[in-house]
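To start, the structure under review is shown below, and the notes come after it.
Below, chain A is the first sequence line, B the second, and so on; all start at residue 1.
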There are 2 protein chains.
Amino acid sequence: MGITSRDVARLAGVSQPTVSRALRGDPRISAETRRKVKEAAEALNYVPSEAGRSLSTRSTKRIGVLVTDLTNPFYPHLVAPLHDELERLGYRMMLFTERSDEVIASERLLDRSIDGVVLTTTTLDSGLPAELRRRRLPFVYLNRESGTPADAAVVDNRHGAGLVARELAGLGHTRIAGIFGPDETSTGRDREYGFRLALAEVGVGLPEERVRRGPFEYATGRDALTELLTVDPRPTAVFCGNDVIALGALDAALQAGVRVPDELTVIGFDDIPMASWTAFQLTTVRHDLHGMARAAARLLVARITTPDADLERVVYTPELILRRTHAPAPPD
Amino acid sequence: MGITSRDVARLAGVSQPTVSRALRGDPRISAETRRKVKEAAEALNYVPSEAGRSLSTRSTKRIGVLVTDLTNPFYPHLVAPLHDELERLGYRMMLFTERSDEVIASERLLDRSIDGVVLTTTTLDSGLPAELRRRRLPFVYLNRESGTPADAAVVDNRHGAGLVARELAGLGHTRIAGIFGPDETSTGRDREYGFRLALAEVGVGLPEERVRRGPFEYATGRDALTELLTVDPRPTAVFCGNDVIALGALDAALQAGVRVPDELTVIGFDDIPMASWTAFQLTTVRHDLHGMARAAARLLVARITTPDADLERVVYTPELILRRTHAPAPPD
DNA sequence: CCGTATCGTGCATACGTATGAACACTATGC
DNA sequence: GCATAGTGTTCATACGTATGCACGATACGG
C-alpha cells in the first residue's frame, strides 16, 4: 500500500540509500541524480515513513504537551503559541490532557514516541518530573514548575501579586480577600505568598476566613466569591489567583447584585484576551503569555539538542493593567 | 540507552519473540514463562518502542485532529471529549492547528504516523478531504462537513436555525439581522439557509444590508454588530452563527449602550458553557457537543477497523434554550 | 513402545529508513 | 603510464517489534 523509498529507487534507477540521501539533501549526491530521484518521488507521491525514520534515527521530532484541561480558557493561550513555535522548530505536538500527571507517566511518555515533554500544569507533589529525569527524557516547565530541577519558562508570580497588594493598599482597602489557586501548584502558592508578603509590608492583614483556594477555574471564583460575600463585614476587594477565577468572581458578584467596582474591587492575573472584553474590563496582572510559551519550546529543543548544557530559567516580569474592576475602598 | 525486548529476553532467559508474545497476551505462552517475562520487564522498566511496533504492525494507534484555532472558546469543547473518547478506544490524539487545511495536507498527514483524521473545521472548498480519500487515509467529519463523502457527526443546523427564526417571528420581530459564519463552511451556510427558509415561511425578510458574515470568532460578532447598530432603522434582533459570535455581539451592544434584550434580542448557536454565565445568559440553540465528538471518534475507529463498511452519518437534533437575551420586539 | 496430537518456544524474517564503510570511476600530478 | 586524490554510488547493516513457520517436548491413545 504505502510507497517506500525502495519503490522510488526502482523507478529512478538508483539504490534505496541514494534515494534517502538525495531527498535529505546529502551534498555528495550529484545534481543529476537528485533531480531523477525527486522526479520519481514526485511521480509516486512518495512520503517517507515516519516510523521507519524514527526507528533509524532514534528521534521522532514529536513533543508531548501535558495540560489538565483544555476547556479552561487559560490553557489554549499557552498551547496555541507553543504549538506554532514547536512546528517552527520542526517538531510536532502531541497533546496529553489528563486530570493527573500520574496516569500518563509510564507507558505513554516513555515508549520513545516523543523526544521531550512540556509540563504546563505540574503540581508540586507530582512524581512525574523526577521520573522523567530518571529516565533521561528531556522536559521543560511552562507556567508552573516543581522541585525537580529543569529548564523553565515562568512568570515572577510573587512580584505580580505584590503589585496587586500595593495597588489595593493604595486604594485604601483593608478588608481584602483572596481566591487563590491550589496550594500544591507553584502558581497558586507563589501568588498567594507574594500577595501576603506585600500586604504585610504595608500593614494589611489577610485572615484565613477571607481566603479561599481551588482549581484555576471559573467555578472556583464563582463559588468562592458567593461564600465570601456572606462574610461579615464583607470584603471590599478580592485578588484572584488567575483571570478565569476572577471571571467567576465577577459573575458571582453580578448574580448577587454587588456592584463592581463601586462595592467590590476584583483583580485577576494573566490578562487573557477575555479579560479585556467589555462585559468584564478586568483589572489584572499582564505577562507575556505567548513569549513564555515560545521560550519553553525553544528551551526544550535546545535541551534535546545539547542535553548537558546548563539549566536555563526564563522569568517574565509582569505588570499591572488597570481596567475597570478596581476602585477606592468604599466608606464603611 | 533504551531497554529493548531483547534485553528483557536475555534477563528472562527466553527469546525476543517470546517476550513480545508474553507481554501482548498471546495464549500460547505458558503461565510460568509469562510470569518470568513480566518480572524481567518490570525489573528493567521495559516499555515497548512505539516506532518498532508501528513499523511492524503498520498501525500507529494515533489519530490526527485538525482544528483551526484552539483559542476560540468553541473548539476546546469539541477537542476535549474527542481526546477522551479516542483514549478510551486505545488511540492517541495528534493535534494539528493551522489556519488552512492545505498547509497540512501532504507531508504531515501522509507519512503513516497517524491511522486516521478527524476534520473539525473543513471548508467546502478544501481539497483535503478528496486528497485523504484518494490516499485511502480514513477520516471523519466532526461539526462541519464538505462535499467529499465520508462518515460524519454533525448537527441539524438548518433545523436549529429554523427554531430561532420561528421564535423571533413569534416575538414579533420584523427587522431581523444575521451574523453568520463563513459561506464556505457547512455550518455557516446551513445555519444561514435554515434561518432564511424559516423566515420566508413566516413572511419575514432578511435583506442583505442586515447580514454580515465572518469567521466564527468573537471579533466577528463585535465588529459586525457595531456596524449593524448604525443601520437605520436599527434591527431589533440578531441571530448569530454561533455562541462565540453572539458573545462578541453582546459585548458590542454593551459598548454601544444598547440594552439587551429590551432594545435588542441576541441569539446564538451551540450552547457552550460560557453562554450560561451570569454576565451573558445567552439564549441559544443547544446540541450535544460532547456526544457529537464522541460519536466522531467511534465512527473513525470503526472505519479504520472495517474500511469497507457503509458510510455512517450521525445527526444531532438541536433545541432552543431560552435564557435572557431575547424579548418581544420593542414598539417603534 | 511407537506414532500422533498438542502445546510452547525459537528461528528467520519483514517492516522502511538512515548511515558507515567499501567500492567503482574520473580527474590530476609527476 | 601509474599512483593518488576526489567524487558519487552501492553494500551491508542497524533500529525494535511482530509473526508465519518449523521444531522440540510432552502427553496420550492404541
Query raised in the report: Whole Å only: how far is the NZ atom of Lys36(A) from the P atom of dG8(D)?
Result: 13 Å

Query raised in the report: By side-chain contact (heavy atoms from CB on, under 4.5 Å), which residues pair with Ala80(A), not counting sequence neighbours?
Result: Thr71(B)

Requested in this report: Could you list all the salt bridge (Lys or Arg N to Asp or Glu O under 4.0 Å) pairs where at least one residue sits in residues 54-67 of chain A, not counting sequence neighbours?
Outcome: Glu50(A)-Arg62(A)

Query raised in the report: Please give, in whole Å, the distance from dG16(D) P to Arg112(A) CZ?
Result: 7 Å

Query raised in the report: Residues two or more places apart in sequence or in another chain: which of them pass side-chain contact (heavy atoms from CB on, under 4.5 Å) with Ala309(B)?
Result: Arg303(B), Thr306(B)

Query - Integer-rounded Å distance: dC15(D) P and Asp111(A) CG - result: 19 Å

Query raised in the report: Hey, which of these two, Arg28(B) or Gly52(B), hits DNA chain D nearer its 5' end, going by closest nucleotide?
Result: Gly52(B)

Query raised in the report: Among Asp151(A), Val117(A), Ile63(A), which one satisfies side-chain contact (heavy atoms from CB on, under 4.5 Å) with Val140(A)?
Result: Asp151(A)

Report task. Starting at atom CG of Leu55(B), determine the distance to atom P of dA18(C), rounded to an integer number of angstrom. Result -> 12 Å

Report summary line: With sequence neighbours left out, the residues meeting side-chain contact (heavy atoms from CB on, under 4.5 Å) with Pro273(B) are His77(B)

Query raised in the report: Toward the 5' end of DNA chain C, which comes first, Arg6(B) or Asp26(B), by nearest nucleotide?
Result: Asp26(B)

Query raised in the report: Which residue pairs pass the ring-ring contact (aromatic ring centres under 6.0 Å, His included) test when at least one of the two sits in residues 127-155 of chain A, sequence neighbours left out?
Result: Phe139(A)-Tyr141(A)

Requested in this report: Could you tell me the separation between the CZ atom of Arg53(A) and the C1' atom of dC15(C), rounded to a whole number of Å?
Outcome: 16 Å

Query raised in the report: Taking only N and O in the side chain of Ser5(A), is any of them less than 4.0 Å away from OP1 or OP2 of dT17(C)?
Result: yes

Query raised in the report: Within a reach of under 6.0 Å around CZ of Arg35(B), are more than 12 heavy atoms found that belong to other residues, nucleotides or ligands?
Result: yes

Requested in this report: Quickly work out the Glu32(B) CD to dA25(D) P distance and round it to whole Å.
Outcome: 18 Å

Report task. Give, ordered by number, those residues of residues 15-24 of chain B having at least one heavy-atom distance below 4.0 Å to an atom of DNA chain C; if nothing qualifies, reply none. Result -> Ser15(B), Pro17(B), Thr18(B), Arg21(B)

Query raised in the report: Quick one: Arg10(B) CZ to dG10(C) P, roughly how many Å, whole number?
Result: 14 Å

Report summary line: Between CZ of Arg34(B) and P of dG8(C) the distance, given in whole Å, is 9 Å

